[in-house]
Amino acid sequence: MMDTVSAMSPAALSSSTLLLTGELSNDPITFNTNLMGYPDRPGWLRYIQRTPYSDGVLYGSPTFESVGKPTVIEITAYNRRTFETARHNLILNIMSAEDFPLPYQAEFFIKNMNVEEMLASEILGDFLGAVKNVWQPERLNAINITSALDRGGRVPLPINDMKEGVYVMVGADVPFSSCLKEVENPQNQLRCSQEMEPAISCDKKFRAQFNIDWCKISLVDKTKQVLFAQEVVHGEGILPDAGEYRPPSEALKSRDYYADFLITLAVPSAVAIVLFAILGYIMCCRREGMEKRNMQTPDIQLVHHSAIQKSTKELRDMSNNREIAWPLSTLPVFHPVTGEMVPPLHTDNYDNTNMPLMQTQQTMPHQTQIPQQQNAG
């Protein structure tokens, strides 16, 4: 089955919309669209279908190269539940719109709409009616409708019913109204640069249904655009004769790379040797030594340091030899075998003024002798 649809070129009416819907709304239907004889659609034609249970929408803006050429679109529907398929051919006839020029074009960005919602005839009619009330033209048509995702926008989060946004370009035959020109006001441009909402007097006429981002609106006046047609000089398509091709000779001159190899190794090696020599001199030859350190250190600090070292050495020697007797402070008060009280080493009237800090343990019969260190001299 084949249908024929006529569409205007971008100068007058673009966004030729075709709604693809299945007969059984309860079944998931997938549509596949492509140009007859080709694996994909034309570059100006787009297709969107949110879910297999929703309708598919074909829309696009025909280009001037497509004017006068019938475009056959092959549509294939696939039912995922019953595995039924159906094929339909759609013929698009693109006609020129030079007889209906629309030189004044304004592009709006609507934040609370998706492209398939905007392509609905009722929603698009309401938007064109609101623009007509503000602009007051004799002829007003939609020129292009594009999703914000096709302009590099981000996919919105699935919260709070957020929309992707859609760009709608409309054209008219009269200059822009004073309300639309308020966007180019320096004060509003400054507010847009500060990410603030500009003050537009006619925004209330759209606010009830359409949330327009006035900072992204663009006004194009094609009557002021001067096109410079560059003359193209077509050549004969034949390259000038440069003679017979002569490839390079196979007998190339030999080159000795031994010197280059030596230089590549010698230079880094010499630099490394110099750096190692400087580092060795700093670490080995610039040391002050212990004598100089001791000369600059006070005597009391040296004595204190020497006492700490001697005590540390004795403790380490004692830890290595675990068989020596315990200190007197750790001996039991009672005899470990008989249970009798061990008499003290000295009587109460013993003069302990000359008693050393550590008592000798030679008098204890049940203990071993601690080796005494003999001091030289």
Side-chain angles (χ1 to χ4, degrees), residues 1-100 102 105 107 113-125 127-128 141-153 155 164-171:
M1 183 172 62
M2 301 182 67
D3 289 342
T4 302
V5 178
S6 299
M8 305 293 288
S9 64
L13 177 63
S14 130
S15 302
S16 302
T17 306
L18 177 64
L19 182 64
L20 307 180
T21 179
E23 295 180 357
L24 299 177
S25 59
N26 296 329
D27 292 345
I29 306 296
T30 302
F31 296 96
N32 183 23
T33 59
N34 61 282
L35 187 64
M36 180 66 71
Y38 294 88
D40 201 357
R41 300 177 299 275
W44 57 268
L45 189 61
R46 299 183 181 275
Y47 170 72
I48 185 172
Q49 184 182 12
R50 295 291 176 180
T51 63
Y53 295 91
S54 60
D55 298 332
V57 180
L58 272 173
Y59 68 99
S61 302
T63 58
F64 290 101
E65 291 78 7
S66 304
V67 175
K69 299 178 182 179
T71 303
V72 182
I73 304 298
E74 184 179 11
I75 303 174
T76 304
Y78 170 68
N79 192 323
R80 294 188 176 183
R81 180 172 299 175
T82 62
F83 302 101
E84 297 180 0
T85 58
R87 182 169 297 176
H88 182 81
N89 293 334
L90 177 68
I91 301 178
L92 300 178
N93 293 324
I94 312 300
M95 298 180 299
S96 178
E98 295 180 355
D99 298 335
F100 306 96
L102 298 175
Q105 300 175 4
E107 187 178 49
M113 288 286 176
N114 289 333
V115 62
E116 68 273 13
E117 299 174 350
M118 197 65 198
L119 289 172
S121 58
E122 298 83 1
I123 303 298
L124 183 59
F127 178 74
L128 293 179
N141 289 325
I143 295 179
N144 190 12
I145 299 178
T146 309
S147 174
L149 300 182
D150 298 333
R151 299 284 188 91
V155 178
E164 298 172 356
V166 59
Y167 288 89
V168 180
M169 178 177 287
V170 297

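Bear in mind that the values here come from a model prediction, so they are computed numbers and not experimental data.
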Val57/Gln49 under side-chain contact (heavy atoms from CB on, under 4.5 Å): CA gap, chis, key distance, verdict:
CA-CA 6 Å; Val57 180; Gln49 184 182 12; over 6 Å; no

Taken to the nearest 0.5 Å, the spacing of Leu58 CG from Leu119 CG works out to 10.5 Å

4.5 Å side-chain heavy-atom contact, Pro70 and Ile91
yes

Measure the spacing between CH2 of Trp44 and CG of Leu92 and express it to the nearest 0.5 Å.
5.0 Å

With rounding to the nearest 0.5 angstrom, report the CG to CD1 distance, Asp55 to Ile48.
12.0 Å

Candidate pair Val155 and Leu149, rule side-chain contact (heavy atoms from CB on, under 4.5 Å), full reasoning
CA-CA 7 Å; Val155 178; Leu149 300 182; 4.1 Å; yes

Arg50/Glu117 ion pair, N-O < 4.0 Å:
no

Will you find, in the side chains of Asn79 and Thr82, an N or O donor that is under 3.5 Å from an N or O acceptor?
yes

Scanning both residues in full, the closest heavy-atom pair of Leu124 with Ile145 reads CD1-CD1, 4.0 Å

Between Asn114 and Glu164, is there a donor-acceptor pair closer than 3.5 Å when you use the side chain of the first and the backbone of the second?
yes

For the residue pair Arg151 and Tyr167, would you count it as a cation-pi contact if the rule is NZ or CZ under 6.0 angstrom from the ring centre and within 45 degrees of the ring axis?
yes

If you compare all heavy atoms of Leu102 against all heavy atoms of Gly171, which two are closest, and at what distance to 0.1 Å?
CD1-O, 3.8 Å

If you look at every heavy atom in Val170 and Ile143, which pair is closest and at what distance?
C-CD1, 4.0 Å

Are Arg46 and Glu116 close enough for a salt bridge, meaning some N to O gap below 4.0 Å?
no

Quick one: are Glu107 and Val168 in side-chain contact, heavy atoms under 4.5 Å?
no

Shortest non-hydrogen separation from Pro42 to Ile73 and the atoms involved:
CD-CD1, 3.7 Å

State, yes or no, whether a side-chain contact exists between Met113 and Ile123 at a heavy-atom distance under 4.5 Å.
yes

In Å, rounded to the nearest 0.5 Å, how long is the span from CZ of Arg41 to OH of Tyr47?
8.5 Å

